[in-house]
Amino acid sequence: MSHISRRFALFISEEEGAITVDWVVLTAIVAGVGSVSAWLVTSNIPGFAQNIGDAISVMSVGP
């Protein structure tokens with residue numbers, strides 16, 4: 001068991017590739033926030049379009 005725990009400790013203490021992992025995590029967060037933002041915007045567009053259409057339909061044009 002000591003061999004496994006020694007290897008695990010060596011793995012945890014290794015810093016090579018840590019920046020890559022940071023960038024992967026940051027990229028995933030940005031992609032997730034972007035996806036949620038896009039979903040929020042696209043899910044509200046039909047309601048906004050209906051409101052605009054209702055407002056325009058009661059307006060009169062001309063003198």
Side-chain angles (χ1 to χ4, degrees):
M1 263 328 230
S2 66
H3 177 68
I4 293 173
S5 61
R6 227 178 314 128
R7 299 259 321 194
F8 183 72
L10 181 63
F11 175 76
I12 294 298
S13 67
E14 185 67 38
E15 293 185 15
E16 191 165 322
I19 293 176
T20 302
V21 172
D22 291 344
W23 277 107
V24 168
V25 170
L26 287 172
T27 303
I29 290 170
V30 168
V33 168
S35 297
V36 169
S37 299
W39 178 78
L40 287 173
V41 169
T42 58
S43 65
N44 289 321
I45 287 176
F48 290 138
Q50 183 65 43
N51 292 343
I52 292 169
D54 292 343
I56 290 174
S57 68
V58 297
M59 289 182 178
S60 61
V61 179

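The residues of the chain are indexed from 1 along the displayed sequence. All values below come from the heavy atoms of this structure, side chains included, with hydrogens, waters and symmetry mates left out. Please read these numbers as outputs of a predicted model, since none were measured by experiment.
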Begin with the C-alpha distance, continue with both residues' side-chain angles, and end with the deciding distance and a verdict on side-chain contact (heavy atoms from CB on, under 4.5 Å) for Asp54 and Val58. CA-CA 7 Å; Asp54 292 343; Val58 297; over 6 Å; no
Applying side-chain contact (heavy atoms from CB on, under 4.5 Å) to Ser37 and Val33, what does each step give before you reach the verdict? CA-CA 6 Å; Ser37 299; Val33 168; 4.2 Å; yes
Take atom CG in Leu40; do more than 12 heavy atoms of anything else shown fall under 6.0 Å from it?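 Counting other residues, nucleotides and ligands, CG of Leu40 exceeds 12 neighbours.
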Go through the structure and list residues passing side chain to side chain contact (heavy atoms under 4.5 Å, CB included) with Val61, not counting sequence neighbours. none
Using 0.5 Å steps for rounding, measure from the CG atom of Leu26 to the CD1 atom of Ile19.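 Answer for the CG-CD1 pair, Leu26 versus Ile19, is 11.5 Å.
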Value rounded to 0.5 Å, distance of CZ in Arg7 from OG in Ser5: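 Output value for this atom pair is 11.5 Å.
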Using the side-chain contact (heavy atoms from CB on, under 4.5 Å) definition, which of the options Asp22, Thr27, Ile29 pairs with Val25? Ile29
